[in-house]
Amino acid sequence: MNIELVRHSAAHVMAAAVCELFPDVKLDIGPSTDDGFYYDFDMPHRLVPDDFPRIESKMAEIIKKDLPFERFELPRDEARKLLLDKGQPYKVERLDDIPEGEPVSFYKCGDFVDLCRGPHVSSTGEIKAVKIMSIAGSYYRGDEKNPMLQRIYGITAESEDELNALISRIEEAKKRDHRKLGPELDLFSIHENVGPGLVHWHPKGARIRIAIEDFWRREHFRAGYEMLFTPHIGRANLWETSGHLGFYKENMYSSMDIDGQPYYVKPMNCPFHIQVYKSRMRSYKELPLRWAELGTVYRYEKSGVLHGLLRVRGFTQDDAHIFCTPETVGEEIRNTVEFALRILRRFGFTDVAAYLSTRPEKAVGELERWKKATESLESALQSEGLAYSVDEGGGAFYGPKIDLKIKDAIGREWQLGTVQFDFNLPERFDLTYIGADGREHRPYMVHRALLGSIERFFGILIEHYAGAFPLWLAPEQVRILPLTDAQLPRALELRDLLRSCDIRVDIDVRADKLGAKIRRAQEEKVSLMLVIGKRESENGTVSVRSRLDGDIGTMSPEEFLDYFKDAVEK
């Protein structure tokens with residue numbers, strides 16, 4: 001059974017239950033989500049968790065009746081009259097969103113009638129176990145200028161056992177929520193007086209970010225990439241040529257006047273990389289050019305959709321663009337997919353799936369180029385033995401693409417890497433290279449991101465590891481625990497030695513007993529602890545303790561460095 005249909009149908013059953021239980025309910029939308037479903041309501045009654053059992057009980061009644069979901073269509077004017085008669089202003093506005101010529105469909109379930117494209121399951125009896133999980137405020141259409149609605153979240157499963165397993169997974173996800181762990185572990189913060197969606201990296205979070213970026217840069221250099229640094233703003237005519245002002249302006253920050261010229265803050269890096277390409281004539285002999293940048297960009301997101309690190313307004317994109325000839329594009333794509341998988345696996349993501357999106361009806365570029373590009377993407381996935389699904393017609397108008405999705409430690413899927421062909425920008429900016437025949441040719445351009453953005457990837461990492469990062473990423477890899485102030489000079493010497501070896505190390509100088517220091521280090525997810533008491537200080541040794549494995553034993557500093565290096569390699 002299609003789980004999305006079940007979830008969407010459960011949302012309608014929940015709406016029917018709410019309408020029966022509470023008067024004067026105005027409905028908005030009720031889609032399925034990755035874990036369940038929700039419905040948005042405008043109603044006088046302020047919902048509280050004590051209302052959940054009543055709603056669930058009423059849903060159970062509707063499900064038990066096995067009522068059919070009956071679809072019917074109405075002419076637009078009759079549909080409007082029906083919704084106005086029912087006192088549903090939000091649905092009237094949603095009706096206006098339906099393009100002219102498309103059918104206006106409703107679904108009836110018992111006495112409940114709802115404007116909906118569908119589809120649904122055949123009857124309510126196909127919905128098995130359901131549970132209401134939470135309530136949240138949600139601005140109508142995600143715009144803070146609109147009324148605040150009440151959003152009820154629910155989940156559904158094939159059986160009570162599966163429902164309980166899903167509830168356990170959701171509870172585990174709450175414990176791992178990066179918005180909770182980030183402040184607890186002193187990793188990052190977001191301040192309303194600075195601006196929503198703008199991230200402040202704290203020292204510990206910055207340590208992890210630097211570790212990520214250092215690894216990222218090193219691997220890119222090894223893979224034949226060069227680094228670029230580009231401006232944060234650009235003249236309006238640049239964004240007009242790229243098409244951003246025509247297609248993306250609502251997501252760009254307002255222009256500023258500089259020397260009488262309008263400028264915009266960059267939402268993307270690609271037009272700047274193109275300017276570097278165009279700085280001189282290019283020959284086929286120097287292609288491919290692989291240029292990468294950790295470029296900070298700014299995009300306007302409505303406040304209703306901002307979500308910790310996962311949806312922000314300012315972020316650093318791990319961007320790269322490849323300029324190559326038609327003859328080498330296949331090899332470049334295969335190398336890119338292999339490179340992406342290697343990077344993701346290094347961070348602990350071994351369960352990777354791919355989605356191939358092909359040419360839509362409205363597209364730019366020659367059919368032969370689309371065919372060659374799509375074949376190159378598909379061949380790369382096959383050569384890596386990577387499972388993939390095909391989204392026919394799901395590509396952008398300017399090229400086909402691969403999206404790479406990973407599963408985290410509790411089975412949630414996240415989209416990270418993207419490999420995207422672009423036939424549009426090379427045309428708009430008139431990119432050329434001189435071929436072996438001495439004539440000008442148009443290069444292929446490939447957009448490529450591995451992590452998506454550093455901010456979002458960091459949020460995913462926090463939740464994947466529940467804040468307990470592997471040793472190579474840990475913000476504090478080692479904490480030295482002197483028993484008393486008498487051992488502090490020795491602790492300082494050891495700290496300086498470890499720092500000289502690029503180990504992230506701190507000392508707990510608080511006047512607590514050893515047990516309290518160990519508990520604190522465990523709670524703060526410190527990977528390794530080095531205890532220095534009177535005996536260790538006299539012998540020039542340390543007692544090593546692992547957060548995961550407990551006591552490791554006594555070692556000299558040299559032995560510990562060997563142990564540390566081996567642990568990082570593993």
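If you're wondering where the values come from, they're calculated on a predicted model, not measured in any experiment.
- The cationic atom of R282 (NZ for Lys, CZ for Arg) lies less than 6.0 Å from the six-membered ring centre of Y277 and within 45° of the ring axis.
- Of the residues V446, I402, L341, V419, the one that meets the side-chain contact (heavy atoms from CB on, under 4.5 Å) test with T336 is V419.
- Contact check on R7 versus E4 returns no salt bridge, with no Lys/Arg side-chain nitrogen under 4.0 Å from an Asp/Glu carboxylate oxygen.
- In summary, R169 and D35 engage in a salt bridge, as defined by a charged side-chain N under 4.0 Å from a carboxylate O.
- Under a 4.0 Å N-O distance rule, the pair E172/R176 qualifies as a salt bridge.
- Listed by chain and number, the residues in a salt bridge (Lys or Arg N to Asp or Glu O under 4.0 Å) with E293 are K266 (sequence neighbours excluded).
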Which donor-acceptor pairs under 3.5 Å do the side chains of residues 360-370 make with protein atoms, sequence neighbours left out?
from: R369; atom 1: NH2; to: R442; atom 2: O; distance (Å): 2.9
from: W370; atom 1: NE1; to: V364; atom 2: O; distance (Å): 2.6

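- Salt bridge D566/K570: present, at least one basic N to carboxylate O contact under 4.0 Å.
- With sequence neighbours excluded, the residues satisfying salt bridge (Lys or Arg N to Asp or Glu O under 4.0 Å) with E171 are K174.
- The aromatic rings of F469 and Y465 lie tilted to each other, with the angle between the two planes from 30° to 60°.
- Rounded to the nearest 0.5 angstrom, T350 OG1 and L344 CG are separated by 10.5 Å.
- D186 has no carboxylate O lying under 4.0 Å from a charged side-chain N of K204, or vice versa, which leaves the two without a salt bridge.
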Let me have the donor-acceptor pairs involving side chains of residues 406-415, under 3.5 Å, with sequence neighbours excluded, atom names and distances please.
from: D408; atom 1: OD1; to: I410; atom 2: N; distance (Å): 3.0
from: D408; atom 1: OD1; to: G411; atom 2: N; distance (Å): 3.1
from: D408; atom 1: OD1; to: R412; atom 2: N; distance (Å): 2.9
from: D408; atom 1: OD2; to: R412; atom 2: NE; distance (Å): 2.8
from: D408; atom 1: OD2; to: R412; atom 2: NH2; distance (Å): 2.9
from: D408; atom 1: OD2; to: W414; atom 2: NE1; distance (Å): 3.0
from: R412; atom 1: NH1; to: E463; atom 2: OE1; distance (Å): 3.0
from: R412; atom 1: NH2; to: E463; atom 2: OE1; distance (Å): 3.0
from: E413; atom 1: OE2; to: Y355; atom 2: OH; distance (Å): 3.3
from: Q415; atom 1: NE2; to: D403; atom 2: OD1; distance (Å): 3.1

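- A salt bridge does not link R209 with D214: none of the charged nitrogens is closer than 4.0 Å to a carboxylate oxygen.
- E162 meets the salt bridge (Lys or Arg N to Asp or Glu O under 4.0 Å) test with no other residue; sequence neighbours excluded.
- Ion pair E240/R428 not flagged as a salt bridge, since none of the NZ, NE, NH1 or NH2 atoms sits closer than 4.0 Å to an Asp/Glu carboxylate oxygen.
- Checked against salt bridge (Lys or Arg N to Asp or Glu O under 4.0 Å), R547 has no partners two or more places apart in sequence or in another chain.
- Looking at D318, its side chain never comes within 3.5 Å of a backbone N or O of A449 through a donor-acceptor pair.
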Exercise. Just do the side chain to side chain donor-acceptor pair (under 3.5 Å) check on Q317 and S453 with the steps written out, would you?
Key: CA-CA 4 Å; Q317 200 168 31; S453 80; over 6 Å; no
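- Evaluation of the side-chain hydrogen bond (donor to acceptor under 3.5 Å, both in side chains) rule for Q382 yields Y388 as partners, not counting sequence neighbours.
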Quiz item: Please walk me through it: do E327 and T325 pass side chain to side chain donor-acceptor pair (under 3.5 Å)?
Solution: CA-CA 5 Å; E327 294 76 22; T325 67; 3.3 Å; yes
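- Ring planes of F349 and H464: tilted class, angle from 30 to 60°.
- Evaluated for a side-chain contact (heavy atoms from CB on, under 4.5 Å) with V478, the options L471, D506, I503 yield exactly one hit, I503.
- For T296, the side chain to side chain contact (heavy atoms under 4.5 Å, CB included) partners are H232, Y298, T316, not counting sequence neighbours.
- A salt bridge links R290 with E332: at least one charged nitrogen is closer than 4.0 Å to a carboxylate oxygen.
- When the side-chain hydrogen bond (donor to acceptor under 3.5 Å, both in side chains) test is applied to H220, the partners found at least two apart in sequence or on another chain are R448.
- Applying the side-chain hydrogen bond (donor to acceptor under 3.5 Å, both in side chains) test to every pair with at least one member in residues 469-479, sequence neighbours left out, gives these pairs: E476-R479, R479-E524.
- In this view, E523 satisfies the side chain to side chain contact (heavy atoms under 4.5 Å, CB included) rule with no residue, not counting sequence neighbours.
- Take A373 and apply the side chain to side chain contact (heavy atoms under 4.5 Å, CB included) test, not counting sequence neighbours, and it matches P400, F421, F423.
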